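These notes are about the structure you will find just below.
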Amino acid sequence: MSSPLDLADAHPGPAFTVTLDGREIEALPGQTVAAALWTAGVTSWRTTRGEGRPRGVFCGIGVCFDCLVTVNDRSGQRACLVPVTPGDVIRTQEGTGCDE
């Protein structure tokens, strides 16, 4: 079975490390935070305020705000739009992150 990189004939630069709640995650240049988390098998990184329901990527284009995450101490970042950079510190969050 081919990997998505093979299918797209993609040749990204070397992988680098970011962290999600202290756990090391490997990422590739050009990935968004959401893509790096998905690749690492993480599908949920936010919970709703009232009921604590898990959320991750829903629309993938920055419209729905389900994928909010804290990146380098900036809460409320849309993981589907934020490019991941080496050394990023990513944290899961509750709700919109405005009350952190």
Side-chain angles (χ1 to χ4, degrees):
M1 178 176 205
S2 296
S3 80
L5 294 176
D6 295 334
L7 293 172
D9 195 28
H11 305 283
F16 53 85
T17 302
V18 298
T19 60
L20 172 67
D21 295 334
R23 169 185 162 200
E24 288 192 350
I25 303 280
E26 190 173 270
L28 294 172
Q31 284 184 317
T32 62
V33 170
L37 296 179
W38 262 0
T39 302
V42 180
T43 58
S44 173
W45 48 83
R46 179 178 82 86
T47 56
T48 58
R49 261 191 276 197
E51 298 170 14
R53 292 184 177 166
R55 294 290 186 262
V57 171
F58 181 71
C59 74
I61 59 172
V63 175
C64 74
F65 292 82
D66 262 2
C67 67
L68 295 178
V69 68
T70 299
V71 180
N72 300 325
D73 293 323
R74 292 187 63 205
S75 64
Q77 300 300 298
R78 290 174 283 181
C80 68
L81 297 180
V82 175
V84 70
T85 58
D88 277 347
V89 176
I90 304 162
R91 291 192 339 256
T92 56
Q93 67 179 51
E94 180 182 342
T96 62
C98 294
D99 51 346
E100 292 184 342

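If you read the sequence from its start, that first residue is 1, and numbering goes on from there. Computed from a predicted structure; not experimentally measured.
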My understanding is that only residues two or more places apart in sequence, or in another chain, count here; which of them pass side-chain hydrogen bond (donor to acceptor under 3.5 Å, both in side chains) with [X]?
| X | result |
| --- | --- |
| Thr43 | none |
| Arg74 | none |
| Ser44 | none |

Which pairs would a plain distance check flag for residues 58-67, meaning a side-chain donor or acceptor within less than 3.5 Å of a matching protein atom at least two apart in sequence or in another chain?
| from | atom 1 | to | atom 2 | distance (Å) |
| --- | --- | --- | --- | --- |
| Asp66 | OD1 | Arg46 | NH2 | 3.3 |

Pairs involving residues 17-28, ordered by first then second residue, that meet side chain to side chain donor-acceptor pair (under 3.5 Å) (sequence neighbours left out)
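Every pair satisfying side chain to side chain donor-acceptor pair (under 3.5 Å) with a residue in residues 17-28: Asp21-Thr92.
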Provide the closest heavy-atom pair for Pro29 versus Pro14 in the form atom of the first, atom of the second, distance.
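Closest approach of Pro29 to Pro14, heavy atoms only: CD-O, 3.4 Å.
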Can you sort out the partners of Leu81 under side-chain contact (heavy atoms from CB on, under 4.5 Å), two or more places apart, ordered by chain and number?
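Checked Leu81 against side-chain contact (heavy atoms from CB on, under 4.5 Å); matches are Arg78.
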Other than Val84, what residues sit in its cluster of Ile, Leu, Val, Met, Phe, Trp and Tyr side chains whose heavy atoms are under 4.5 Å apart, directly or through others?
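Besides Val84, the cluster holds Phe16, Val18, Leu20, Ile25, Val33, Leu37, Trp38, Val42, Trp45, Val57, Val69, Val71, Val82, Ile90.
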